Structures are given as C-alpha cells and as structure tokens.
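Since the model is a prediction, treat every value here as computed from it, not as a measurement. Sequence lines set the chain letters: A, B, ... in the order given, protein chains first and strands last, and positions in each chain run from 1.
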Amino acid sequence: MPLEHSGEIDADASDDLYRIRHSLAHVLAQAVLEMREGATLGFGPPIQDGFYYDFVLPKPITEADFPDLERRMRRILKKGQRFYQEELPKAEAFARIDEMGEPYKREYAEELCEKNGLESLSFYRNGPFLDMCEGPHVDTAKDIPRDAFKIRSVAGAYWRGDSRNTMMTRIYAWAFEDKATLDAHIQAYELAQERDHKKLGRELDIFTIDNEIGRGLPLWLPNGTVIRDELEKLATELEFADGYQRVATPHIAKQDLFYRTGHLPYYADDMYPPIEVLEETEHGDVVKEAYVLKPMNCPHHHKIFSSSLRSYRELPLRLAEYGHVYRFEDSGAVGGLLRVRGMCMNDAHIYCTEEQIASEFRNVIALYDRAYSILGLKDYSLRLSCWDPEDPQGKNKYVDEPEAWESSQAVLRDILNELDLDYVEAKGEAAFYGPKIDVQFPTVTGREESVSTVQLDFAIPKRLDLKYVGPDGEEHVPYCIHRAPFSTHERFVAFLIEHFGGAFPTWLAPVQVRVLTVSEQFDVYAQRIVNELRADFVRAELGSTSDTVSKKIREGTTRKIPNLLIVGEREMEANEVTLRRYGIREQTTMPFETFKEKLRETIDTRALSFAL
RNA sequence: GCUCACAUAGCUCAGGCGGUAGAGCACUUCCUUGGUAAGGAAGAGGUCAUCGGUUCAAAUCCGAUUGUGAGCACCA
C-alpha cells in the first residue's frame, strides 16, 4: 500500500507520543467493545496526528456516539491500568486468539508466522482488554493525558486495504502530548478547511458543478476561466522557450486505436463507453464504427509523430497541447476539482533517442522548477514510481519487458540522484508503459495527491510502430517522455486555490484591480481609470456605486481582489489613486501613471507581491 | 464501487415529536453622497432533492433513487 494514501507513518516506535497514540488505540478498542458486544478487531495503529482502529461492528457507530465513546475512554484512562506485554509460543497464541474470538487477528497471526517464520507472538493486556500487538505501549494509562485526544471521524475501510475483503468501520482520533497541542491542531485543521477549493471555488465564483451536466464535469465560470487562461499562457511561454511545438487534436478517436496501444481492454472501466455510429464505406457498405472519448492525449500525439517520415535530425520532437481527456472515475472517487471525469491536461510528448532521454528529463525537471518557483510552490515531494514485478495483475498491469523496466527506472533514478533531489521510491505506482516521477502536493486536509508527472514510455511507440531514420540510415523506435507540469487545469487550479487561500497574485487574479469611489460624484474619474487600465489589458472594474466606502472595502476584501484603488476628491484633484493591497492595511497614494507602470511590471513579471 | 453521515431560498443555516415554512447575506427598488471591513427602508425569492408508502393530512414518519461530504478501494 502506498505510504501517502494510508496515513501510516514510519514513526520512531520508541517515541513517547507514538506509545501514547498506540495505547489510546487500545483504550478506544476497549471502549468500543464495551459499547458493542460482539465487535471484532482489525488493526489499530498510530498515525500522523493520532490513531485509528478498525472494527467489524454488530451495530454501526456514528458521530452521535462520539461523546459516549470519549466518556468511556476517559473512564478507562482514569483507572490507570498497566500495560503488560506477554510473549506466547505459537500454539498457545493461536489458542488464545481463538478464545478471544478474533478471526481477523487470527488471519494476520497466521500470516505473520508463515511469512516471517515467527515462533511466538506478542500480546498486550491492559485491564480486561487483550490485543495481539507488537507494542510498544506506555507503562500505565497514567502516562496518557486524558484531555489531549478527540474522536475525529468514522469511515469505512477494507480489511487489509483490499476491496475484496470485508468493509470494516474505522474510527479516527486525534491525539497529542497535551491539550494545548491538540487544540492548536484542531484550530489549524479548521482554519485549513476555510481554504478548501470547493468552498472558495463557490465563494469566488471560480467553478460550479451542475447535476444536469453530470458528476465530475465542472463548469468554469468567468473567474475560473481567467485563471485557466493565465496558467495556459504561462505554460505556453515556458514551453515555447524550451522548444516545444503546439498541436491540437480531437476529443474522440476510434476505439481500435486504444486496443492497439494496449489501453483497452484493461482500462475499459475507466473510459466512457464507446459511441457507435453507422458509416458508409466507399463501396457502399454500411459498417458499425465505435468511437471513444480519449482518456489521454498520447495516441493522438503519436499519430502526429507518425504522420511523416521522421529523421533523427528532428529529434527531440516536443509536441504540446492543453488537451481535453475524459475518464470515467468511480463515483466514490469524484469530488470537487481534484478528481473529475472531464479534464484539460497540460500535456506534451517528447520523442527522442535513447541518448537524449537524460538531457530531456533534466530539461523537463528544470521547467517544473521554473514553473513552481513562479507560483511560489515549495511544499511538494518527488516520487519515483516503479513497476511491481510481483503484482498479481502482472502482465495486465505492466508491459511485460522486465529489462526495459529495470533500465528505464535506472535512468530516472540516476537523474534524480545526479540532480541531488530528495525522492521516495514507490513500487507499483508506475504507468503500464513505463516508470515515472510524480510530484506530490498535500491537500488542505493533509492528504497527498499526485499533481504533476514525468513519465518514460518505452512501450507504446513500438506498439504504434513509431520510427525515425537514424544516422545509420536504419529505422529506430523513439522513446517518448510524457510530462504535465501544470497537471490538469482542474487539479492544478484546485491546488492553487488552496495554496493561495483564494488570494491570487495580481497576474493570476480574475479581477486585478477594483476601483472604489468615496462617493458617486467621483464615478466619472473612477470610470476613466478603469477604462485606461482595461485599454492596457488589465482586468479592472468599477466597484458598486451606491454603498458606503466601508462596505465597498469589505466587499473588495472578501472577494480577495489583490488591488483596491480608492478615489475621492483628493485623488481626483491630483490625478492620483490610493492603493490598498489585499491583506495590507497601510495604503499608498501615488500618481495614477505611477500605479499603472508598477502594475504593468507586477503583471509582466508575474510577481507574487506588488512591485512597489 | 464500498461504509457512514447529510440534502430546507443563489449562499450560510434555523425550524418542524404530522396540520403545506423562517433568519442573515446576496438580489431588485427607494432614501442616504458617505474617506477605510456590513448606513436605512421596502420588495421579490422555496412542490423543504426526486419517486413511492403509511395517514383525514407528509416538508416532518418509512422505503427506494439521485446528489453531496469524509474515509476506504481505484487513479493508464
């Protein structure tokens, strides 16, 4: 199971907090067993900010039960039970687990003994509660603060993270060393919720999702469209500088193409079903033809590559497109802009020779670096996503070329090491046609998501018969690098909304300047300012005319407009404006021309703050 | 897809143990012409998600469906 999805942490087990959390998990289980006789236990590990425990319950536990559950836990803690460890030989251990009536513990115990060749198993006892568990725990419940934990949520979770298994009930709780830390954590969590892109997306009129259009098919409102266009402009400029050429391709293609690439039949569930039409051939026959919405742009770009005879002199050939793709994501996965069913991807495919792979990868990573530094994004991590030769899905999931896998993974690993970048390696996260480097960002709720990706494809070009003529006059198959530094508009804008908390830098802001008047008699002056700015392609607008100044400032601020200009008699007389930047109380009055120049500079340099 | 919860005005929410709904913001109009985070008044706006059941009567109770959220699984 990938680390970032499970919430498990590689904590130092000797850590006090780890012991507290782990022990609290046992106390929670004890309380649940009191409340629900006949419940059976799954796993109950410490996690990043607390712990959870999985149960199969005879009757569901819901949020309404939390106060009762917490009360019972506190009562248990008050008793100051000691935690005892017992090591039992295999046979005795199994007898005990059976006596406990814990089928899931039994299954895990058997596996532990088989896989790790264990001859004995460890148990922990506190009061009446007994659990098969490696520990470590606190010595006594007295070591656990009674006011530094809080039950957070209840959710379903498959036993052992496998959807073929029983769905258990997972109870999550926060737990810290003291109440102050817990309170601070909860407060930070609640504050983070304010930045949720779904909430801000609605408040700032960035996107909407309409049931009659369909789940996972967001509608971009004018404000959101500005953000998309600006990002696309930035991407286009960066790509132009790096020698990319733009192409444009249709949203659909014949189904057979995806059989050839190998995407079908294995990914049929993730695609919208085919559109079937009757077409007349040149001989007058009527044949049925199936078209699918493309789930990725690669095959279309590959066809552009193969549309003419390519020479090695043309390589590397870099084809870029913000292309629309459609994926039929599971209903439970769809949400907000983070997982959608129709998306617009900052795609490009680089066709190159084997010798060019390393330098092209370095170029791509440099492009990422430039893009992220412009946006002030620092909080991300890299993941080298490799194949899993032991995956039970095997050849269905990964192209069956073990040597190519190992060598291409080595190429990526070398590049990451050479550039001295921190990364984690993840087995089983590769694309089916090759390994990739994923860029992971944390969401507002602390979950990690892959935002951007660079992939090395050693398989599909061969399947589609792509080739170029080398210096030796022979035909060769090119390698293909897939990359999407700006991800999809959907996912990337979601992250940017949360990153900026909705307060976008001027160049990216839907409304860059709003002009507010002290009273209606200055509307003409204000309108002239708006007109002049708009003539300079600045997204400027006039604020409401009939409210009080306070009200106008409040409105401009809640809309998170980066630059508010206030004009009244003083400004009009001197042809000045008073600038009030978002989040800054001090204002600056300056000649309008000066403002206009500074604003131009701020926008042109894509500055994160105003270039005063 | 799975588990649990939720669904009342554009938004945020109240109410309703069965007798067809209410606030604030936003919107419209009028008054106010105000120098830094909500000036005042009036008006308009809802088959209480949908379908079905129970009932004299359902927005309220029950069921199904759809949608949303959290988490799990998935994520080429």
Side-chain angles (χ1 to χ4, degrees), chain A residues 1-2 5-7 52 54-57 60-65 152-172 193 196 198-199 202-203 205 208-212 214-215 258 261-264 266-271 294-296 298-299 325 327-336 338-340 385 396-399 429-434 436 438 445 447 449-450 453 455 457 459-460 482 491 516-523 545-558 564 566-571 578 580 585-587 589:
Chain A
M1 202 187 330
H5 290 168
S6 65
Y52 69 75
D54 289 342
F55 307 90
V56 173
L57 300 170
I61 280 180
T62 69
E63 230 168 283
D65 300 310
R152 171 156 66 128
S153 61
V154 58
Y158 296 108
W159 166 240
R160 317 226 51 193
D162 188 328
S163 59
R164 288 167 302 190
N165 292 339
T166 312
M167 173 64 68
M168 302 180 121
T169 302
R170 176 170 297 177
I171 299 176
Y172 283 97
Q193 302 307 300
D196 185 298
K198 296 187 286 290
K199 179 175 153 65
R202 184 174 49 241
E203 287 172 3
D205 292 323
T208 185
I209 294 173
D210 188 298
N211 219 359
E212 287 192 276
R215 179 185 255 175
F258 291 95
T261 57
H263 292 105
L264 284 174
Y266 305 116
Y267 295 105
D269 284 350
D270 299 298
M271 289 168 66
K294 62 177 175 183
M296 72 261 300
C298 335
V325 299
R327 298 178 187 181
F328 196 74
E329 300 283 355
D330 284 335
S331 57
V334 173
L338 279 175
R339 279 286 280 281
V340 291
S385 300
N396 290 355
K397 203 164 171 194
Y398 301 109
V399 171
E429 294 288 331
F432 83 94
Y433 47 70
K436 52 183 183 163
D438 290 316
T445 47
R447 214 177 41 201
E449 293 276 1
S450 294
T453 178
Q455 310 172 350
D457 180 352
I460 311 293
H482 306 238
R491 190 168 274 199
L516 313 179
T517 55
V518 170
S519 95
E520 275 174 35
Q521 54 199 108
F522 311 108
D523 282 358
T545 54
S546 64
D547 292 308
T548 57
V549 182
S550 295
K551 181 69 180 294
K552 291 178 209 181
I553 297 217
R554 183 184 155 80
E555 271 184 354
T557 307
T558 51
L564 297 178
I566 294 126
V567 297
E569 192 170 5
R570 298 200 291 267
E571 287 81 3
T578 293
R580 185 185 170 116
R585 264 178 186 278
E586 298 80 62
Q587 310 177 137
T589 301

Report task. Verify salt bridge (charged side-chain N to carboxylate O under 4.0 Å, His left out) between A/Asp162 and A/Arg160, making sure each step is shown before the conclusion. Result -> CA-CA 6 Å; A/Asp162 188 328; A/Arg160 317 226 51 193; over 6 Å; no
Requested in this report: Give the intermediate values and the outcome of side-chain contact (heavy atoms from CB on, under 4.5 Å) for residues A/Thr557 and A/Leu564.
Outcome: CA-CA 8 Å; A/Thr557 307; A/Leu564 297 178; 4.2 Å; yes
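Distance check on atom P: B/U32 versus B/G40 gives 16 Å, rounded to whole Å. B/G10 and B/U28 are spaced 14 Å apart, taking the C1' atom of each and rounding to whole Å. Taking atom P in both B/A57 and B/G43, the straight-line distance is 36 Å, to the nearest Å. For the C1' atoms, the distance from B/C6 to B/C74 is 24 Å, rounded to whole Å. When the C1' atom is used for both B/G69 and B/A76, the distance is 28 Å, rounded to whole Å. Taking the P atom of each, B/G18 and B/A73 are spaced 42 Å apart, rounded to whole Å. B/U47 and B/U20 have their C1' atoms separated by 9 Å, given to the nearest Å. Taking atom P on both B/G34 and B/U12, the two are 37 Å apart, rounded to the nearest angstrom.
Counting only heavy atoms from C-beta on, A/Glu555 has its side chain closest to B/A26 among B/A26, B/A76, B/G69. Taking the side chain of A/Glu329 as heavy atoms from C-beta on, and the options B/G71, B/A38, B/C75, the nearest nucleotide is B/C75. The nucleotide whose nearest atom lies closest to any side-chain atom of A/Val549 is, among B/U36, B/C11, B/A73, B/U36. When distances are taken from the side chain of A/Glu520 to each of B/C4, B/U36, B/U32, the shortest belongs to B/U32. With B/A76, B/G1, B/U36 as the choices, the nucleotide that has an atom nearest any side-chain atom of A/Thr578 turns out to be B/U36. Comparing atom distances between the A/Lys397 side chain and each of B/A37, B/C75, B/C74 picks out B/C75 as nearest. Of the candidate nucleotides B/A37, B/C72, B/G34, B/G34 has the atom nearest to the side chain of A/Val518. Among B/C11, B/A37, B/C72, the nucleotide with an atom closest to any side-chain atom of A/Arg170 is B/C72. If you check B/A76, B/U36, B/A26 against the side chain of A/Ile553, the one that comes closest is B/U36. Nearest nucleotide to the A/Arg491 side chain, out of B/C75, B/U36, B/C72: B/C75.
Distance A/Arg327 CZ to B/A76 P: 7 Å, rounded to the nearest Å. Atom CG in A/Asp330 sits about 12 Å away from atom P in B/A76, given to the nearest Å. Rounded to whole Å, the distance from NZ on A/Lys551 to P on B/A37 is 14 Å. A straight line from CG of A/Asp162 to P of B/C74 spans 8 Å, rounded to a whole angstrom. Rounded to whole Å, the distance from CG on A/Leu338 to C1' on B/G69 is 13 Å. For the pair A/Glu63 CD and B/A70 P, the interatomic distance rounds to 13 Å; values are reported in whole Å. The nearest whole Å value for the distance from the CG atom in A/Asp196 to the P atom in B/U68 is 15 Å. The distance between atom CZ of A/Arg160 and atom P of B/A73, rounded to the nearest whole Å, is 13 Å.
B/U20 makes up no base pair with any nucleotide shown, lacking Watson-Crick or G-U wobble contacts both under 3.5 Å. In this structure B/C48 sits in no base pair that meets the Watson-Crick or G-U test at under 3.5 Å. The partner of B/U66 is B/A7, judged by Watson-Crick or G-U wobble contacts that both fall below 3.5 Å. If you check B/A59 for Watson-Crick or wobble pairing at under 3.5 angstrom, you find it has no partner at all. Using the Watson-Crick or G-U wobble rule with both distances under 3.5 Å, B/A73 pairs with nothing in any strand shown. Nucleotide B/A38 forms no Watson-Crick or G-U wobble pair with any nucleotide shown, as no partner meets the under 3.5 Å limit on both distances. Judged by Watson-Crick or G-U wobble contacts below 3.5 Å, the nucleotide B/C27 has B/G43 as its partner.
In the interface, the side chain of A/Tyr158 is paired with the base of B/G1 through a donor and an acceptor atom under 3.5 Å apart. A donor-acceptor contact under 3.5 Å is formed by the side chain of A/Arg339 with the base of B/C75. A donor-acceptor contact under 3.5 angstrom links the side-chain atoms of A/Glu571 to the base of B/G35.
Counting any heavy atom pair closer than 4.0 Å across all strands shown, A/Gly336 reaches sugar-phosphate atoms only and no base atom. No engagement by A/Lys552 is indicated, since no non-hydrogen atom pair under 4.0 Å with the nucleic acid exists. Looking at heavy-atom distances under 4.0 Å, A/Ser550 makes contact with sugar-phosphate atoms alone, never a base. Residue contacts shown for A/Thr517 are absent, as no nucleic acid heavy atom lies under 4.0 Å away. Here A/Lys436 lies in heavy-atom contact (under 4.0 Å) with sugar-phosphate atoms only. Using a 4.0 Å heavy-atom distance criterion, A/Arg570 is classed as a base contact. Heavy atoms of A/Ser163 sit under 4.0 angstrom from primed sugar atoms or phosphate atoms, though from no base atom. Among the atoms of the strands shown, only primed sugar atoms or phosphate atoms (P, OP1, OP2) are found under 4.0 Å from some heavy atom of A/Ala431. Nucleic acid contact class of A/Tyr433 (heavy atoms, under 4.0 Å, all strands): sugar-phosphate only. At the heavy-atom level, A/Thr62 lies under 4.0 Å from the strands shown only through sugar-phosphate atoms.
Using a 30° and 60° split on the angle between ring planes, A/Tyr267 and A/Phe432 fall in the tilted class, from 30° to 60°.
A stacking contact between A/Phe432 and B/A76 is absent: the pair does not combine a ring-centre distance of less than 5.5 Å to the base's six-membered ring with planes differing by less than 30°.
Nearest heavy-atom pair, A/Trp159 versus A/Asn165, reported as atom, atom and distance to 0.1 Å: O-ND2, 2.8 Å. A pairwise comparison of heavy atoms in A/Val518 and A/Gly568 identifies CG2-CA, 3.8 Å as the closest pair. Closest heavy-atom contact between A/Val154 and A/Thr62: CG1-CA, 4.4 Å.
Looking at which nucleotide of RNA chain B each of A/Arg585 and A/Ile61 is closest to, the 5′-most match is held by A/Ile61. A residue-by-residue look at A/Met167 and A/Val567 shows that A/Met167 has its nearest nucleotide of RNA chain B further toward the 5' end.
When each of A/Arg570, A/Gln587, A/Glu571 is checked for a side-chain hydrogen bond (donor to acceptor under 3.5 Å, both in side chains) with A/Thr578, only A/Glu571 meets the rule. When the options A/Thr589, A/Ile553, A/Thr517 are evaluated for a side-chain contact (heavy atoms from CB on, under 4.5 Å) with A/Ile566, the one that passes is A/Ile553.
Heavy atoms from other residues, nucleotides or ligands lying under 6.0 Å from CD of A/Glu569 number 12 at most. Atom CD of A/Glu63 sits in a sparse spot, with 12 or fewer heavy atoms from other residues, nucleotides or ligands closer than 6.0 Å.
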